[in-house]
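Working notes for the structure below.
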Amino acid sequence: MSSNTPPNQTLANPQAPRWWLWLVDRVAAIPAHAWAVMLVLLVMPLVADDFFLFQIFGWTFILGIVALSLMFLAGYGGMVSLIQMSVAGLAGYMVALFGDSGTTISLGLPWWFVVPLAMVIATLFGSLVGLLAVRTEGIYTIMITLAMASAFYYFTRQNYTIFNGYTGFNLVLPPDLFGVNWREPVPFYYLTLVAAGLCFLLVTYVSRAPFGLALQGVRDNPRRMAALGFNVTAHRVAAYAFASALASVGGILLVWQNAQIAPGTAGIHATFDILIIAVIGGLSRPSGPFLGAFLFVLLSTFAPDVLRAIGASGERYKMLIGGIFLFVVFVSPDGLLGLWERWKAHLTRDDMARGKGETRP
Amino acid sequence: MREFARQHPVWSGIAIVVALFVIWAIFAPWPEGFEAIFGRKRVFLNAVFSGITLGALYFLVASGFTLIFGLMHNVNLAHGSLYLLGGYLGYEFAEWTGYWLLSFVLVFIVVGCVGMAMQVLVFRRLEGQELRQTLVTIGISVVAADLMLWAWGGSSYQVMSPDWLRGPMELPLIAGYGRDGELVYLRYPKVRIAILFAAIVIGIGIWMALNRTRIGMIIRAGVDDRDILGAMGIPISRVFLGVFAFGAGLAGIAGVVGGTFQSIAPGEDTRFLMASLVVVIVGGMGSLQGAAIGAVLIGLAEQLGSVYMPTYAVVLTFLIMAAVLAFRPQGLMGRRG
């Protein structure tokens, strides 16, 4: 088998295992600018300070993961679900409840049991909401998931036996794996980077896998897909389950970053923030949410200082974010990525026009 | 209803028994053993009345929401902001003029104008793009919440009710037995009775306007098929404008009402947005009767829930919504389509 062949012949060898060929093809298909972004992100700890690594990039990756789950549902499934932040919040709450925290309610179970359990519970919750939401379509989905998200928020606020009410949980720390304190800026940066990278790859893979293609077919024409024998409801609910698993990853990282969780973490404003991030970035590809998250984090971190510097009140940064969101929705339905692409198309069109002009006698 | 009774004798029987039991529980004095299980009757009656009053308030907010949705298929997620704006403005007007009733008129006009501005500046430009319209309303609600926080700060306001509505009144409902064995009647704040009464009057008024007037006919036709209505020569954009202004004005009035019997503070906008969403989902999107039924159901569920199972009250609301979505996705009074 291939293990006997010398390494320099592996690529040319038609006997190489299929997964290896597949992998090589996939890696070769990565465009140059993606390599550049990856390189920059990997060496970021050399140049950025702790605040940037932990607060800006850590938070960007976490919000990006949650927004990515919304992007998956909205972009590939055509379902704008506002439940994603609640799913993330539930995963965070479950980590706090079953693991260790500064509250007596916590059960203190080991992390390798708690993390999968939290993901499973959050995924089940997300799928259940999906099961109810897919019975209706379009803007109804927004209404129903928003109603469920706010019900979740008010429930966490008034329930003391599971969610510890107003105060929530504090001192929720990541496990001390391999003797590393994962809340140190550099380890946390890499932890969130790897998680975000894996989620990004997973979404990219699923979007091209048979399931993702069928889901996009369901988005474009559910009746035709049903006539072709695809189970439309099952595809949609499965999309919710997948997106909820992604969101739960974000939620667990979020509770580790903040070291605490309270109702406001998954409140209605947080829900809207995720939607704003996904829409600003662009709902048509997986890189959009991360771009949107980066912009959102930069704005909400530095806008108060900038506003104060120009003489305005620093508390008005929410208005700024809302205004930018309104602007993006008005100008480009496809977010910043859409703007960028249209600009690129515009440039190429200019080139072509110019080229035509030159060749004409 | 008759068809249902003929086809489902068992369910009808159960419904009759439940209805009789509820009527008995409200009107008759409770025997001792019963009070031992369910607590005091006064608590129960108060929860029921608070639930119905809260339902009346929810109806005021949700009726505008459902009218706008039914006609324009636009989920106005800034509806809660209109409610909050109405509450703040009502407080200002009531302080300034000293007349509580006058503030309703002023708030209706001002918030109605805000709604008109939204319709002209925003929704007309994104005609037919329902998702983008909804996204825009989210942006508006974020900006509006921040603007109002700026203008009125984080403290809560209470609109003062006039003197003639202050204090309790006695209702002809038995709350229990007094110390000497005489019957004690339920005492309930006058202002809440007035709110309940006003909501019923407004509800009937809208229903009459929708079902008995020419404009109502146009609106109902628009709910069914707005394209054909436009093709028949009705100035549909003016109808949209009017309905949007009316729905926004109703939300504003509801804000004054809410500010009188509860209070007005940041965060109330999302609370009432959620309430309208749930009411409209339960009752059926675009249906006025559905909004009324849903509002009373959710109001009762919240109040009874907070009395009898304090930390799980929201679950009751959630379960009602989930049950409706599971068995009747179009809502109790909604139509498929």
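Order of the sequence lines fixes the chain letters, A, B, ..., with proteins taken first and strands second; residue numbering starts at 1 for each chain.
Heavy atoms closer than 4.5 Å to chain B are found in the side chain of A:L275, but not in its backbone. Only the side chain of B:S141 comes within less than 4.5 Å of a heavy atom in chain A; its backbone stays farther off. Within the 4.5 angstrom heavy-atom criterion, only side-chain atoms of A:V279, from C-beta onward, approach chain B. Only the side chain of B:T134 has a heavy atom closer than 4.5 Å to any heavy atom of chain A. For A:I142, the part lying near chain B is the side chain, with the backbone staying farther off; criterion is any non-hydrogen pair under 4.5 Å. Proximity to chain A involves both the backbone and the side chain of B:V314, based on heavy atoms less than 4.5 angstrom apart. With a threshold of 4.5 angstrom between heavy atoms, B:V122 approaches chain A through its backbone and through its side chain. Proximity to chain B involves both the backbone and the side chain of A:F155, based on heavy atoms less than 4.5 angstrom apart. B:L273 touches chain A through its side chain: at least one heavy atom from C-beta onward sits under 4.5 Å away, while N, CA, C and O do not. Only the side chain of B:L77 has a heavy atom closer than 4.5 Å to any heavy atom of chain A. Of the atoms belonging to B:I281, it is side-chain heavy atoms, and not backbone ones, that fall under 4.5 Å from chain A. Heavy-atom distances place both the backbone and the side chain of A:F330 under 4.5 Å from chain B. With a 4.5 Å cut-off on non-hydrogen atoms, A:L131 does not touch chain B at all. Only the side chain of B:L126 comes within less than 4.5 Å of a heavy atom in chain A; its backbone stays farther off.
Annotation for B:R125: atom CZ does not count as buried by contact number, only 12 or fewer foreign heavy atoms lying within 6.0 Å. Few gaps surround OH on A:Y160; more than 12 heavy atoms of other groups in view lie less than 6.0 Å from it. Heavy atoms from other residues, nucleotides or ligands lying under 6.0 Å from CZ of B:R271 number more than 12.
In this structure, CE in B:M274 is found 10.0 Å from CE in A:M148, a value given to the nearest 0.5 Å. Annotation: the span from A:H269 atom NE2 to B:D146 atom CG amounts to 9.5 Å, rounded to 0.5 Å. How far CH2 of B:W150 is from CE of A:M319: 5.0 Å, rounded to the nearest 0.5 Å. Atom-to-atom distance recorded for A:Y153:OH and B:T270:OG1 is 6.5 Å, nearest 0.5 angstrom. Rounded to the nearest 0.5 angstrom, B:M321 CE and A:I144 CD1 are separated by 8.0 Å.
Across B:F318 and A:A151, no two heavy atoms sit closer than the pair CD1-CB, 3.7 Å. The minimum heavy-atom distance between B:R132 and A:V329, with the atom names listed, is NH2-O, 2.8 Å.
Annotation: side chain of A:Y154 is not in contact with side chain of B:E302 (no heavy-atom distance under 4.5 Å).
Taking chain A as the reference chain and counting heavy-atom pairs below 4.5 Å, the highest number among B:V142, B:V278, B:I138, B:L131 is found for B:I138.
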